[in-house]
Structure formats: C-alpha cells, structure tokens
Amino acid sequence: QVQLVESGGGLVQPGGSLTLSCKASEVTLDSYGVAWFRQAPGKEREGVACISRNDDSTYYRDSVKGRFTISRDNDKNTVFLQMNSLKPEDTAVYYCNAAIKGYSGPAPRDYYRTDYWGKGTLVTVSS
C-alpha cells in the first residue's frame, strides 16, 4: 500500500526555521511530481511548492518565494520542504502530494492521473 508520511512539523517562533520531510513507501518518488500543500484553520487547502518529475523544476507560491525550498533525496525516497523566516501566517497543516499523469494512448480519454496524499504535519508559528 502506497504511503506518504510527513514529519518535521512543530511549534516555532516567528523568524525561525523548520524542515518538513515526506517519505514514501511502495512508490518511487522520483517518478512523481511532488507538491506541498497547506491548510490553515477555516481556510481552503493551497499549494505551497512543487518539484517536477522530469527535470526537478521547482515552483513556489508568491508568499513563500525566497523563504521556502523544496528538494528531493532520491536515495532516501524523500522530498523536503525547508522553511525559513517563518511567519504566523505560515501556520497550517502541511500535506505532501505525489502525482503522476500522462496518456496511455493517443486519445483524450487515455489521460490518467494518480494522486497520493499524506496525512499532514502541523506547523505552528507563534511567539
């Protein structure tokens, strides 16, 4: 059974740092695009950062650019999210998502997408 397990969350003061980990079992993460999402209380889930499966291109939402870094360690089958200069508005449950998509044939109906999600890790930024 495929599992994504997030870890590394916790309580940190504003300006502090945390590194989140997303470790996979029964799936090889370097074959997937991997993203971090977060959901704050009373708010919708939003994408934070992602890393592509083809060339490891990275993308970030504007509010975390320059502060967060997503990376892979294929030997450990793990994706990381390094979070620096944390702000109270970064407080949320952070989720890891691994996705693969493509076409099994030439027709539009041949499109497929498979997503896996972790259960999340709580990050609280507070003094």
Side-chain angles (χ1 to χ4, degrees):
Q1 183 178 358
V2 174
Q3 279 192 316
L4 301 180
V5 179
E6 302 97 335
S7 61
L11 173 64
V12 63
Q13 292 188 341
S17 298
L18 283 175
T19 300
L20 305 184
S21 299
C22 171
K23 185 168 178 58
S25 60
E26 303 301 324
V27 67
T28 303
L29 275 185
D30 65 2
S31 298
Y32 289 75
V34 180
W36 286 94
F37 287 75
R38 67 186 180 188
Q39 187 165 19
K43 295 188 176 181
E44 293 186 353
R45 189 174 296 190
E46 62 183 20
V48 176
C50 63
I51 185 166
S52 71
R53 74 179 178 103
N54 293 325
D55 58 6
D56 282 354
S57 298
T58 57
Y59 304 89
Y60 301 91
R61 71 181 300 109
D62 286 345
S63 61
V64 308
K65 283 180 181 177
R67 300 189 297 123
F68 290 12
T69 303
I70 188 170
S71 62
R72 297 180 184 271
D73 185 330
N74 293 332
D75 290 339
K76 296 181 179 178
N77 205 26
T78 300
V79 171
F80 302 97
L81 185 67
Q82 173 69 44
M83 305 186 296
N84 299 325
S85 303
L86 282 161
K87 305 176 181 180
E89 52 263 42
D90 295 318
T91 295
V93 178
Y94 283 71
Y95 298 91
C96 178
N97 165 266
I100 189 168
K101 58 185 178 181
Y103 287 88
S104 60
R109 66 175 180 272
D110 297 323
Y111 175 80
Y112 68 90
R113 179 183 173 114
T114 301
D115 282 84
Y116 300 107
W117 288 90
K119 294 183 178 180
T121 184
L122 176 62
V123 172
T124 303
V125 184
S126 175
S127 54

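Residue indices begin at 1 and follow the sequence shown.
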About how many Å separate [atom2] of [Y] and [atom1] of [X], when rounded to the nearest 0.5 Å?
{"X": "Ser25", "Y": "Asn77", "atom1": "OG", "atom2": "CG", "answer": "8.5 Å"}
{"X": "Thr19", "Y": "Asn84", "atom1": "OG1", "atom2": "CG", "answer": "7.5 Å"}
{"X": "Arg38", "Y": "Arg45", "atom1": "CZ", "atom2": "CZ", "answer": "13.0 Å"}
{"X": "Lys65", "Y": "Thr58", "atom1": "NZ", "atom2": "OG1", "answer": "10.0 Å"}

Which pair of non-hydrogen atoms, one from [X] and one from [Y], has the smallest distance, and what is that distance?
{"X": "Arg72", "Y": "Asp56", "value": "NE-OD1, 2.9 Å"}
{"X": "Asp90", "Y": "Ser85", "value": "OD2-O, 4.5 Å"}
{"X": "Leu18", "Y": "Leu86", "value": "N-CD1, 3.9 Å"}
{"X": "Ala35", "Y": "Cys50", "value": "CB-CB, 3.7 Å"}
{"X": "Ala99", "Y": "Asn97", "value": "CB-OD1, 3.9 Å"}
{"X": "Tyr60", "Y": "Thr69", "value": "OH-CA, 3.4 Å"}

Test of understanding: clusters of I, L, V, M, F, W, Y form through side-chain heavy atoms closer than 4.5 Å, transitively. Do [X] and [Y] belong to the same one?
{"X": "Tyr103", "Y": "Ile100", "result": "no"}
{"X": "Trp36", "Y": "Tyr32", "result": "yes"}
{"X": "Tyr95", "Y": "Leu81", "result": "no"}
{"X": "Leu122", "Y": "Trp117", "result": "yes"}
{"X": "Phe37", "Y": "Val123", "result": "no"}

Under the 3.5 angstrom rule, does the side chain of [X] hit a backbone N or O of [Y] as a donor-acceptor pair?
{"X": "Ser104", "Y": "Asp110", "answer": "yes"}
{"X": "Tyr111", "Y": "Lys101", "answer": "no"}
{"X": "Lys23", "Y": "Lys76", "answer": "yes"}

Heavy-atom neighbours of Glu89 CD exceed 12 at 6.0 Å
yes
Counting only heavy atoms not in Arg113, do more than 12 fall under 6.0 Å of its CZ?
yes
Would you be so kind as to tabulate the donor-acceptor pairs closer than 3.5 Å made by side chains of residues 3-13, with sequence neighbours excluded?
| unit_1 | atom_1 | unit_2 | atom_2 | d |
| --- | --- | --- | --- | --- |
| Glu6 | OE1 | Lys119 | N | 3.1 |
| Glu6 | OE1 | Gly120 | N | 2.9 |
| Glu6 | OE2 | Cys96 | N | 2.8 |
| Glu6 | OE2 | Gly120 | N | 3.3 |

Are the side chains of Val79 and Ile70 in touch, meaning some heavy atoms are under 4.5 Å apart?
yes
Is any side-chain heavy atom of Met83 closer than 4.5 Å to one of Arg67?
no
Under 3.5 Å, is there a donor on one side chain and an acceptor on the other for Asn54 and Ser52?
no
Looking at residues at least two apart in the chain, or sitting in another chain, which of them share a ring-ring contact (aromatic ring centres under 6.0 Å, His included) with Tyr59?
none
